[in-house]
Peer 1: 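Pasting in a structure now, in structure tokens, and then I'll have a few things to ask.
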Amino acid sequence: MSDNSDIRNMFPILKSRVNDNDLVYFDNAATTQKSKEVIKELERFYLQENSNIHRGVHHLSQVATDSFELTRKSVKTFINSKFTHEIIFTKGTTDSINLVASSLGRLLKKDDEIIISEMEHHSNIVPWQLCCEISGAKLKIVPINDSGELDMIIFNELLNSKTKIVAITHISNSLGTINPIKEIIKLSHENNAKVLIDGAQSAAHVSIDVQELDVDFYCFSAHKLYGPTGVGVLYGKEEILNQMPPYQGGGEMIKEVSLHKTTYASLPHKFEAGTPNIAGVVAFKKSIDLLENFGLKTIKEHEDALLSYATKELKKIEGLIIVGTSENKSGIISFNINGIHHYDLGVILDKMGIAIRTGHHCTQPVMRKFNIPGTARISFAYYNTFDEIDRCIKAINKAKDMLL
Amino acid sequence: MSDNSDIRNMFPILKSRVNDNDLVYFDNAATTQKSKEVIKELERFYLQENSNIHRGVHHLSQVATDSFELTRKSVKTFINSKFTHEIIFTKGTTDSINLVASSLGRLLKKDDEIIISEMEHHSNIVPWQLCCEISGAKLKIVPINDSGELDMIIFNELLNSKTKIVAITHISNSLGTINPIKEIIKLSHENNAKVLIDGAQSAAHVSIDVQELDVDFYCFSAHKLYGPTGVGVLYGKEEILNQMPPYQGGGEMIKEVSLHKTTYASLPHKFEAGTPNIAGVVAFKKSIDLLENFGLKTIKEHEDALLSYATKELKKIEGLIIVGTSENKSGIISFNINGIHHYDLGVILDKMGIAIRTGHHCTQPVMRKFNIPGTARISFAYYNTFDEIDRCIKAINKAKDMLL
Amino acid sequence: MNMSINEIENEIVEEFEMFDNWIDKYEYLIDLGKSLPKISDSEKTKENIITGCQSQVWLNAKEKDRHIIFYADSDAIMTKGIIAILIRVLSFQKPKDIINAKLEFIEKIGLKEQLSPTRANGLVSMIKKMKIYALGFEQKL
Amino acid sequence: MNMSINEIENEIVEEFEMFDNWIDKYEYLIDLGKSLPKISDSEKTKENIITGCQSQVWLNAKEKDRHIIFYADSDAIMTKGIIAILIRVLSFQKPKDIINAKLEFIEKIGLKEQLSPTRANGLVSMIKKMKIYALGFEQKL
Ligand SMILES: Cc1ncc(COP(=O)(O)O)c(C=O)c1O
Ligand SMILES: Cc1ncc(COP(=O)(O)O)c(C=O)c1O
């Protein structure tokens with residue numbers, strides 16, 4: 001697929017002009033652009049179905065509920081969970097992880113241990129720190145090597161009978177590393193630890209089968225899957241979700257409320273207190289449909305090709321250092337150029353219409369490990385092209401000329 | 001304003017046909033319909049600005065952030081808070097209340113007391129029950145009288161030096177009662193208790209000035225203010241928010257993360273972990289603009305007129321009993337008809353195109369107090385008409401004929 | 001011998017074809033609801049309640065000569081009408097037939113909207129409960 | 001006597017009017033950044049850092065004859081260029097004048113986007129910090 005104009009036409013914003021240049025959008029790890037279908041579906045919902053869901057007997061409430069629940073079924077199929085009620089809608093990955101850390105955290109005791117890694121996004125660090133602060137459990141860290149890969153030997157050493165939870169990212173948002181989560185899950189289960197996988201960077205890029213992975217929790221955000229902002233997914237195994245205390249209290253999540261005692265609703269409602277982002281969830285279905293139409297295999301092939309081409313071209317730039325050089329990478333490239341601050345590079349590329357992200361990417365421990373203040377980061381989506389990479393490389397060279 | 005076709009034209013869904021009848025939408029307390037402007041703004045954002053916010057240096061990220069922060073300023077003006085950073089964006093009222101109950105709850109001790117009332121929505125009951133469960137604090141309940149009003153004498157008796165938090169709804173979603181929150185806030189402050197007001201049913205119907213009220217926390221949901229789903233507001237006084245521990249951990253809310261210690265960002269970011277509902281927040285501004293253009297005084301006058309007309313007409317129906325008969329009511333009418341179950345009434349009204357809500361309205365303690373399984377509830381928005389009330393009354397009479 | 005489930009379904013479909021508006025259909029359902037024998041308060045137990053937010057349904061079953069007899073009640077009359085139809089179809093049938101019943105008549109008589117997961121105490125949970133009873137008896141027999 | 005804040009602002013506006021594309025303007029900013037004297041590591045303290053996520057800025061101030069002298073540094077060169085301009089305008093001025101400076105030149109030279117609250121370490125926080133220094137000296141004087 002070298003001419004993907006059909007696909008690009010589905011995403012109207014890609015035709016934007018920025019600072020008198022055609023936009024090159026390489027900030028997909030932060031958020032992806034939305035297809036016409038997703039935007040139209042939001043509009044359709046508000047024009048035709050808008051109503052609060054569940055428990056309403058009137059027509060709009062019925063159709064709105066049906067649309068909402070249809071997305072849940074789509075997500076179930078998309079990640080192949082066993083039950084539809086294992087799909088909990090949240091605000092985003094961060095919300096999903098906090099839900100688990102807070103709820104499961106209430107079952108932890110003083111000597112319990114939680115394992116995370118040095119490459120986690122702050123959203124998969126801070127909730128566990130808060131959880132340890134409250135429960136007294138201890139946080140153990142899997143370090144990364146100079147290629148930006150998990151040190152699996154140390155991971156194995158850290159695992160022990162006190163380990164209750166292992167929370168690891170599927171794909172690193174600053175390094176691009178794809179972690180061996182299947183192995184991590186297997187080893188953790190052998191130690192009776194539950195595993196949460198942060199799938200924020202993976203769900204739109206590699207195909208996920210939660211049953212095959214045998215993962216206990218899997219989290220991702222719709223906005224990184226060509227879907228709307230304000231929608232997240234928490235997949236959890238039925239059995240574990242049933243054992244967990246509720247996270248938020250409110251409408252929807254109760255069975256019976258008296259002023260002194262409350263019993264909770266069954267899954268998924270137990271974890272969906274309050275009016276959800278109804279329109280967002282409904283429109284999210286269109287982005288899952290899109291991903292399934294493209295096919296994750298095809299998506300991955302295209303993005304892998306972009307990754308190797310861009311890596312090859314970037315390496316030609318003198319003084320450019322790629323941070324994160326695992327063999328097993330997703331379409332994310334972090335780099336620095338000797339003598340140039342990432343911020344300067346970002347500002348100048350922006351002037352040429354090229355949107356990249358610069359900074360620590362919410363992974364300060366990774367920056368500390370490599371002893372750098374931040375990186376410039378290019379991240380791909382299915383709609384990106386080789387031509388855009390050429391423009392980006394040219395722009396980097398121009399910026400280098402200006403800055404050095 | 002008896003011909004409000006201008007206003008109705010702003011809300012396209014109001015022209016729907018339901019079961020071969022023109023829709024009469026009287027379920028506004030559950031969620032309001034959205035104006036064209038709000039829907040168009042969502043579309044505009046996704047077509048022109050979509051990007052992740054804060055910390056990005058590229059153009060889209062800048063404009064998206066500016067749009068997002070503009071809504072924060074609008075909300076500040078709308079409720080007249082002292083600082084813009086006192087406005088925290090959440091998922092909804094339920095999320096806002098849970099944030100406070102969880103965070104402030106961590107500062108509570110065993111003998112502390114929290115006061116709520118018998119008329120609270122489950123979203124203002126269950127979070128406090130969870131909070132008491134964790135902290136050991138005690139929950140005290142202000143009962144309501146037969147008119148559905150708070151018993152202020154008992155409220156006064158319950159207040160004491162152990163009272164740390166008072167959480168009361170501004171307007172009851174099942175009874176319509178407008179509570180004397182100014183007095184409640186004053187009395188609570190005299191006892192050094194902090195006050196959270198659940199404004200879910202008020203922010204679109206009466207004008208709010210948080211500084212004049214001197215309220216500590218005020219919560220509401222955009223979707224009940226003609227705005228998008230998945231967006232809520234937590235107003236909190238700067239000083240108190242600063243003292244509170246963070247609620248969720250993740251991106252945005254940190255100042256510096258190391259693997260073993262994290263310092264938190266300043267307000268409002270400290271309480272906004274993860275990618276928010278960016279598009280929703282941006283579009284929310286259009287609904288605040290709308291409310292300000294209409295003017296809350298004008299809105300209240302119209303809704304008050306609808307309330308008294310509907311009340312008068314409903315009372316003519318033999319066997320109809322209104323639940324919630326305070327002198328001081330907002331545009332919400334709960335009722336039952338002798339010998340008829342609210343569910344049957346709801347189903348038959350729906351067949352005639354009239355959308356009302358039936359059930360316990362997430363206020364089971366209110367139902368228990370009145371010893372009823374539920375009610376039929378009509379609730380108004382600014383776009384409703386006297387004509388719609390006439391159609392509803394006719395339909396109720398027809399349903400009564402069928403059911404009795 | 002009793003009529004089979006299929007035969008009764010067809011009979012009901014024919015009856016409903018006579019109605020050309022929802023009012024007649026709903027009035028018929030209401031009449032059915034009213035005519036359903038009440039069950040005593042002592043039979044309204046926690047075990048046989050089908051909980052929901054809108055209306056409560058109590059459903060009991062007995063076995064007689066290898067056939068199942070259903071009894072039910074509800075506080076909402078429309079709901080009762082719907083159970084009355086289900087009982088007419090499934091009562092006095094063999095457990096096995098109940099378990100295997102496809103109940104396609106529901107769609108045909110235009111009560112499909114009642115199948116929505118959102119209608120609390122919709123048909124779905126009633127049918128489920130009836131099939132669970134049948135399953136229980138089947139295993140005992 | 002020194003030039004007034006206003007006079008310097010006008011001078012800068014005139015200089016920037018000469019550039020008719022962003023590249024020249026940015027190259028000029030980069031040159032300004034490069035020419036700004038570095039400050040020693042010992043002066044890069046926690047107290048004088050302006051934190052942000054993108055680049056770090058250290059800003060110091062001294063008083064001399066009732067005028068304030070600013071020193072600054074940053075790890076990003078564009079940021080340094082911008083501080084260099086601010087220093088040119090505000091250094092060697094009286095605290096009071098600094099406090100009252102409207103700095104309208106910023107908009108005129110097309111750096112307004114830098115004012116966005118989202119540009120970490122944008123102009124806004126630098127100007128704020130400079131005014132806070134001025135306020136401190138003003139109170140001491
Ligand atoms: C009084 C009251 N409080 C809280 C809520 C919960 O609001 P949300 O579902 O938007 O979180 C509602 C909405 O039904 C309400 O009416
Ligand atoms: C690996 C990873 N985890 C978690 C998150 C947080 O996702 P969200 O901001 O949508 O909650 C991100 C997004 O930046 C991420 O890349």
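The figures that follow rest on heavy atoms only: side chains count, while hydrogens, waters and symmetry mates do not. Sequence lines set the chain letters: A, B, ... in the order given, protein chains first and strands last, and positions in each chain run from 1.
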Peer 1: Quick one: are L259(B) and L139(A) in side-chain contact, heavy atoms under 4.5 Å?
Peer 2: no
Peer 1: Side chain, backbone, both or neither: which part of Q48(A) has a non-hydrogen atom closer than 4.5 Å to chain B?
Peer 2: backbone
Peer 1: Do L60(A) and L23(B) make a side-chain contact, defined as non-hydrogen atoms from C-beta onward lying under 4.5 Å apart?
Peer 2: yes
Peer 1: Out of N98(A), T94(A), D95(A), which residue meets the side chain to side chain donor-acceptor pair (under 3.5 Å) rule with Q248(B)?
Peer 2: D95(A)
Peer 1: Using the rule side chain to side chain donor-acceptor pair (under 3.5 Å), only one of T358(B), D27(B), N19(B) pairs with H58(A); which is it?
Peer 2: D27(B)
Peer 1: Measuring heavy-atom distances to chain B, does K36(A) have an atom under 4.5 Å in its side chain, in its backbone, in both, or in neither?
Peer 2: neither
Peer 1: Is it the backbone or the side chain of L349(A) that comes under 4.5 Å from a heavy atom of chain B, or both, or neither?
Peer 2: neither
Peer 1: Hey, what's the ring geometry for Y247(A) with Y247(B), parallel, tilted or perpendicular (30° and 60° as the breaks)?
Peer 2: parallel
Peer 1: Which atoms form the tightest heavy-atom contact between G249(B) and P127(A), and what is the distance?
Peer 2: O-CG, 3.4 Å
Peer 1: Less than 4.5 Å apart, side chain to side chain, heavy atoms only: is that true for N50(B) and H223(A)?
Peer 2: no
Peer 1: E43(A) versus K40(B): any side-chain heavy-atom pair under 4.5 Å?
Peer 2: no
Peer 1: Which atoms of E133(A) are under 4.5 Å from chain B, going by heavy atoms: the side chain, the backbone, both sets, or neither?
Peer 2: side chain
Peer 1: Are L47(B) and I13(A) side-chain neighbours, meaning at least one heavy-atom pair lies under 4.5 Å?
Peer 2: no
Peer 1: Tell me, do H59(B) and N21(A) make a side-chain contact under 4.5 Å, heavy atoms counted?
Peer 2: no
Peer 1: Which heavy-atom pair separates S51(A) from R357(B) by the least distance, and what is that distance?
Peer 2: OG-NH2, 4.4 Å
Peer 1: Hey, mind stepping through Y46(B) and V38(A) against side chain to side chain contact (heavy atoms under 4.5 Å, CB included) and telling me if it holds?
Peer 2: CA-CA 10 Å; Y46(B) 281 129; V38(A) 167; 5.9 Å; no
Peer 1: Sequence neighbours left out, what passes salt bridge (Lys or Arg N to Asp or Glu O under 4.0 Å) with E252(B)? Give chain and number order.
Peer 2: R55(B)
Peer 1: May I ask you to test the V257(B)-H360(A) pair for a side-chain heavy-atom distance under 4.5 Å?
Peer 2: no
Peer 1: So which part of S117(B) gets closer than 4.5 Å to some heavy atom of chain A, the side chain, the backbone, both or neither?
Peer 2: backbone
Peer 1: If you define the side chain from C-beta out and look only at heavy atoms, does anything of T31(A) sit under 4.5 Å from T275(B)?
Peer 2: no
